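Working notes, structure below.
Computed from a predicted structure; not experimentally measured. Just so it is clear: chains get the letters A, B, ... in the order the sequence lines come, proteins before strands, and each one is counted from 1.
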Amino acid sequence: MSRYSASEIEAKWQEAWEKAGIFTARQSGDRPKYYVLEMFPYPSGRIHMGHVRNYTMGDVIARYKIATGHNVLHPMGWDAFGMPAENAAMAIGGHPKDWTYANIADMRGQMKPLGLSIDWSREFATCDPEYYGQQQALFLDMLKAGLVYRKNAVVNWDPVDMTVLANEQVEGGRGWRSGALVERRELTQWFFNISSMSEELLSALDGLENWPAKVRLMQENWIGKSRGLQFGFERSDGAQAIDVYTTRPDTLMGASFVGISPDHPIAKALAVDNPDVVAFIAECNKVGTTEEAVETAEKLGLDTGLTVKHPLNPDMELPVWIANFILMDYGTGAIFGCPAHDQRDLDFCRKYDLPVIDTFVALEDPKPVENEAFVPPKTDRVQWIDHFAGLDIATGQEAIDTTIAYAEKAGWGTGVTKFRLRDWGLSRQRYWGCPIPVVHCDDCGVVPEKKENLPVRLPDDVTFDKPGNPLDRHPTWRDVTCPSCGKPARRETDTMDTFVDSSWYFARFTAPHADTPTDMDAASYWMNVDQYIGGVEHAILHRLYSRFFARAMNITGHLPAKAIEPFEALFTQGMVTHAIYSTFDGEEFSAKERKELGVPDNWGAYKAEYLFPEQVEQREDGYFIKGTNRRAVVTPSAKMSKSKKNVVDPVSIISAYGADTARWFVLSDSPPERDVEWTASGAEAAFKHLNRVWLMSERIAEMDPDAKGQGDEELLRAMHKAIHDVTQGVESFGFNAAIAKLYAFTNLLGKSKASKATQQNAIRTLAQLMAPVVPHLAEDIWARQGGEGLIATAPWPQADESLLIDDNVTMPIQINGKRRAEISVPREMERAEVEKIALKVDAVQKALNGGVPKKVIVVPGRIVNVVV
RNA sequence: GCGGGCGUGAUGGAAUGGUAGACAUACCAGACUUAAAAUCUGUUGGGCCUUGUGCCCGUGUGGGUUCGACUCCCACCGCCCGCACCA
């Protein structure tokens with residue numbers, strides 16, 4: 001008997017697969033194709049357990065599809081542009097390009113030992129000029145097709161560093177490096193016209209049957225289609241009316257003010273000669289640009305002194321307020337406030353002492369609004385107090401429809417459909433991104449670069465010792481001649497949002513070396529992605545942008561019409577988490593930190609210093625720092641992060657146990673869509689189990705082939721049950737359940753006394769069923785047990801239906817829904833017959849106590865319920 | 001704040017509306033060993049007594065639908081994710 005040596009067999013089989021070239025994607029008509037894609041990683045330099053889990057899931061699918069006779073495309077690449085490379089250049093010197101490519105080399109080196117079935121010949125990084133040059137070509141085609149345009153938009157501006165900040169670089173309204181108060185600044189920027197496709201992107205969601213319902217719902221809400229009324233409030237001073245948009249026009253009688261955004265043209269006009277307005281707008285601009293910041297900030301308002309006339313009651317005048325919670329981007333940037341039926345408006349009115357007017361009340365409890373707005377579902381029927389269109393009792397929805405019709409007929413308003421989805425701003429004032437291929441000419445305006453001049457390459461000779469975009473202060477790169485008139489001109493110095501890079505990489509994988517963005521022949525063959533796997537954190541933006549891009553690429557002739565929904569099926573996997581260990585020496589905890597860390601009240605008042613798991617040991621009365629009497633806190637699991645010292649490095653796990661153990665563990669303990677907690681004992685257990693399987697194989701190999709066995713039939717049945725269950729598990733992404741079935745079958749096989757032939761058949765089948773998860777171990781067992789060729793390409797085992805069904809079935813007997821007994825009956829037995837037997841059971845007789853049952857429910861093959 | 005999700009033993013979790021806790025971890029007991037590790041075997045949701053093929057309770061909390069609810073509906077609590085310049 002030999003021992004299980006993961007490092008030995010893993011290297012051996014990886015070499016064998018590479019030599020046989022079995023993972024090179026082949027385009028041929030004789031087999032169905034299957035395209036499996038895991039979201040490509042950002043090259044941070046280290047792979048983490050989340051990657052291992054994500055790629056193992058994809059690998060299981062890919063290997064299963066190879067075994068079931070498909071041409072499989074399973075590529076890998078690098079989402080390589082972005083801020084971390086520039087941050088690294090600023091922090092430690094060097095060039096983003098060198099940093100990025102070195103990281104890619106490191107990560108590829110860490111990934112290869114995992115034994116993934118990836119076609120590495122298709123690998124690319126988005127920062128390769130060959131890739132971003134094609135992206136520039138796409139941009140030019142989209143520009144021509146009217147899918148890209150320029151307009152002004154607001155950015156976070158750091159006045160000290162003189163640079164644009166990303167939202168994550170703004171902390172508490174201040175720049176993360178300079179600490180300066182961040183200002184809003186308007187710049188002319190490029191936009192993709194994604195909102196022109198709002199309706200299409202929304203309605204096509206219905207066809208995405210193999211996407212998680214929650215993701216479709218999130219996208220639906222994000223696109224945010226609404227039907228409402230748009231109308232003007234006449235200004236008392238006779239100036240141009242203020243247009244408002246509302247989804248609740250039925251509450252118009254309850255209006256107590258008109259609110260406009262601080263960015264509204266009227267607010268800007270007032271600011272010209274009104275210092276109060278200037279100050280108030282400045283105050284509003286201190287709040288960040290994110291929707292979250294705007295929505296959670298304290299509600300502030302300023303009375304402009306202007307008034308408007310109520311459209312239904314000309315005698316009534318409403319004040320016009322500037323309010324910080326009104327977004328210029330949505331609707332018309334102006335609203336009417338109806339405090340009785342909107343909590344935000346109510347808080348605002350109570351704060352500024354504006355009137356609260358009820359327009360409808362609950363049927364059963366008709367009381368006026370106090371400090372809680374009355375906002376029933378639109379489907380609830382309510383009592384109207386004074387509805388101008390004559391409603392008495394009606395639902396909110398009926399009232400909305402009636403009001404829109406009434407306003408349109410009377411001519412003072414229009415029913416309008418609006419979308420929340422905004423156009424996608426793609427300009428970034430940064431170096432490490434895909435250059436936008438246009439030139440600005442004083443005479444010709446914005447001139448697209450000629451396609452034969454692509455790629456517009458990033459210059460290498462840049463430094464990051466000064467704030468701002470290096471492209472902006474690089475004269476020889478920036479200053480060019482106009483492609484149209486030949487006069488001196490300037491290159492666009494903005495680069496593209498990295499979401500652009502990831503919005504079409506899946507298409508590029510079908511022909512990664514083509515000298516056009518895609519190759520129609522290859523794209524037609526491989527698209528769509530049959531299974532896409534990635535985190536739920538990308539549920540909206542990345543996947544919505546990709547859907548937009550696929551449509552844009554179809555319009556510009558780069559993808560076939562069938563590929564406008566590029567991801568046939570989507571799976572969103574959970575994170576890998578790990579417990580966090582810490583001390584409490586050092587600074588004091590804040591109350592918030594206590595809550596966040598779950599620090600018990602009696603544990604002293606000192607701030608945690610995070611500890612690596614191996615610094616901590618468990619004793620009878622709790623956790624301690626190894627070899628000391630200092631206590632440690634163990635907080636429940638959280639996403640692995642360097643700063644919390646709870647990262648488990650896949651490289652060290654692979655060197656300790658092997659890739660198969662890591663792969664087995666990340667799939668075994670939790671359902672794939674949920675987070676999995678990494679535990680040392682769990683990893684250890686996975687390793688032990690693989691050892692057991694190995695030893696079992698050795699034992700079977702050494703059995704006497706002529707010895708008589710017993711229980712062959714039972715083992716055979718269990719084997720076919722395992723084939724059936726594991727196949728189902730893999731097909732339905734129930735990897736943890738499939739692994740549980742593999743455990744059960746392995747335990748059974750371990751105890752089996754069946755003949756050698758049957759056991760050998762069983763262990764070979766077990767190896768095949770395990771192969772997608774632990775391909776190296778499976779390959780080795782397969783070879784030792786006389787399997788033909790590579791297990792990686794061997795056809796997937798088929799379950800024999802006739803061996804799956806037992807003749808007898810155990811049926812639980814319930815009395816009033818509680819299990820009280822069970823009977824064993826032939827599977828095909830008639831209902832009446834089953835009922836007769838069930839009624840004779842002691843427990844039933846006792847419960848009936850001589851009487852007759854009220855009702856007997858017999859679910860054939862399942863359960864009997866006797867109601868007494 | 002808005003949108004989405006999740007909540008089951010000591011722990012990770014299983015369960016087409018049909019026997020709640022599969023499978024695994026941890027713990028405990030036993031075998032093997034001079035001993036330990038490793039390995040193997042067995043027990044383990046809580047409670048009660050009359051120790052039985054027994055009874056009661058039990059899937060975040062409260063209500064509802066159903067012969068039957070972890071599963072469906074309503075409300076609440078807690079945690080996680082996203083919110084348009086992080087990737």
How long is the line joining CD1 of A:I540 and P of B:C85, in whole Å?
-> 13 Å
Which part of the nucleic acid, if any, lies within contact of A:Q343, taking any heavy atom under 4.0 Å across all strands shown: a base, the sugar-phosphate backbone alone, or nothing?
-> nothing
Checking all strands, does A:V856 fall into the base, sugar-phosphate, or nothing category for heavy-atom contacts under 4.0 angstrom?
-> nothing
Is A:E731 reaching over with its side chain to a backbone N or O of A:Q728, donor-acceptor style, under 3.5 angstrom?
-> no
Sugar-phosphate or base contact per nucleotide [nucleotides 36-50 of chain B; S, B, -; heavy atom under 4.0 Å] | ---SSS---------
For the ring pair A:Y505 and A:F40, is the centre-to-centre distance below 6.0 Å?
-> yes
Test for a donor-acceptor pair under 3.5 Å between the base of B:C6 and the side chain of A:E673, counting only N and O atoms.
-> no
Among residues two or more places apart or on two chains, list those pairs meeting side-chain hydrogen bond (donor to acceptor under 3.5 Å, both in side chains) that have a residue in residues 684-696 of chain A.
-> A:Y657-A:E684
Just how far, in rounded Å, is P of B:G82 from NE2 of A:H542?
-> 15 Å
For RNA chain B, determine which residues of residues 495-505 of chain A have any heavy atom closer than 4.0 angstrom to one of its atoms, and list them numerically.
-> A:T498, A:F499
Between A:E673 and A:K214, is there a side-chain N and carboxylate O pair less than 4.0 Å apart?
-> no
Examine distances only and state if a side-chain atom of A:R428 and a backbone atom of A:T495 form a donor-acceptor pair shorter than 3.5 Å.
-> no
Is there a donor and acceptor pair, one atom on the side chain of A:E292 and one on the base of B:C83, closer than 3.5 Å?
-> yes
Are the side chain of A:D161 and the backbone of A:P467 linked by a donor-acceptor contact shorter than 3.5 Å?
-> no
Rounded distance (Å) that lies between atom C1' of B:C85 and atom CZ of A:R422 | 11 Å
Quick one: label A:E298 by what it contacts on the DNA or RNA (base, sugar-phosphate, nothing), any heavy atom closer than 4.0 Å.
-> nothing
Cation-pi check, A:K299 to A:F348: give yes when NZ or CZ is under 6.0 Å from the six-membered ring centre and within 45° of the ring axis, no otherwise.
-> no
When rounded to whole Å, the CG to P distance for the pair A:N221 and B:G3 reads 8 Å
Pair listing, side-chain hydrogen bond (donor to acceptor under 3.5 Å, both in side chains) test, anchored in residues 732-746 of chain A, at least two apart | A:W664-A:Y743
Less than 4.0 Å between a side-chain N and a carboxylate O, is that true for A:D494 and A:R430?
-> no
Per-nucleotide pairing state of RNA chain B [Watson-Crick or G-U, under 3.5 Å; [ ] pseudoknot-crossing; | other strand] | (((((((..(((.....[....)))(.((((.......)))).)(((((..).))))..(((((..]....))))))))))))....
Ion pair A:D725/A:K721, N-O distance below 4.0 Å | yes
Within the structure shown, what part of the strands sits under 4.0 Å from A:H538 by heavy-atom distance: base, sugar-phosphate, or nothing?
-> base
Between B:G62 and B:C27 - C1' atom distance, rounded Å = 35 Å
When we call it a touch if two heavy atoms are under 4.0 Å apart, what does A:L421 touch: a base, just sugar-phosphate, or nothing?
-> base
Heavy atoms under 4.0 Å is the rule here; annotate nucleotides 13-22 of chain B 5' to 3' with B where the base is hit, S where only the sugar-phosphate is, and - elsewhere.
-> SS-B-BB--B
Using the P atoms only, state how far B:G17 lies from B:U25, rounded to an integer number of Å.
-> 30 Å
A:R663 (side chain) donor-acceptor with A:V773 (main chain) under 3.5 angstrom = yes
Have a look at A:R820 and say if it touches a base, only the backbone sugar-phosphate, or nothing, with a 4.0 Å heavy-atom cut-off.
-> sugar-phosphate
Picking from B:C85, B:C86, B:C81, which would you name as closest to the side chain of A:M83?
-> B:C86
Looking at every strand, decide which applies to A:G425 at a 4.0 Å heavy-atom threshold: base, sugar-phosphate, or nothing.
-> sugar-phosphate
Do the numbers put A:R216 on top of the ring of A:W211, so that NZ or CZ is under 6.0 Å from the six-membered ring centre and no more than 45° off the axis?
-> no
Which of A:T572, A:L37, A:N54 passes side chain to side chain contact (heavy atoms under 4.5 Å, CB included) with A:I533? Answer is A:N54
Rounded to whole angstrom, note down the C1' distance from B:U43 over to B:G68.
-> 32 Å
Would you mind classifying the nucleic acid contact of A:G682 as base, sugar-phosphate or nothing, using non-hydrogen atoms under 4.0 angstrom?
-> nothing
Side-chain contact check for A:N156: nearest option of B:G4, B:U25, B:C85 is B:C85
Is it true that A:F506 and A:Y532 have ring centroids separated by less than 6.0 Å?
-> no
Length of the line joining A:I823:CD1 and B:U53:C1', which is rounded to integer Å | 15 Å
Separation between the C1' atoms of B:U8 and B:A24, rounded to whole Å | 16 Å
Ignoring backbone atoms, establish whether A:N747 has a side-chain N or O less than 4.0 Å from OP1 or OP2 of B:C23.
-> no
Whole angstrom value for the distance that separates P of B:C83 from CD of A:E291 = 11 Å
First locate atom CE of A:M197, then atom CG of A:L421, and finally report the distance between them rounded to the nearest 0.5 Å.
-> 11.0 Å
A:F687 and A:F665: aromatic ring centres closer than 6.0 Å?
-> no
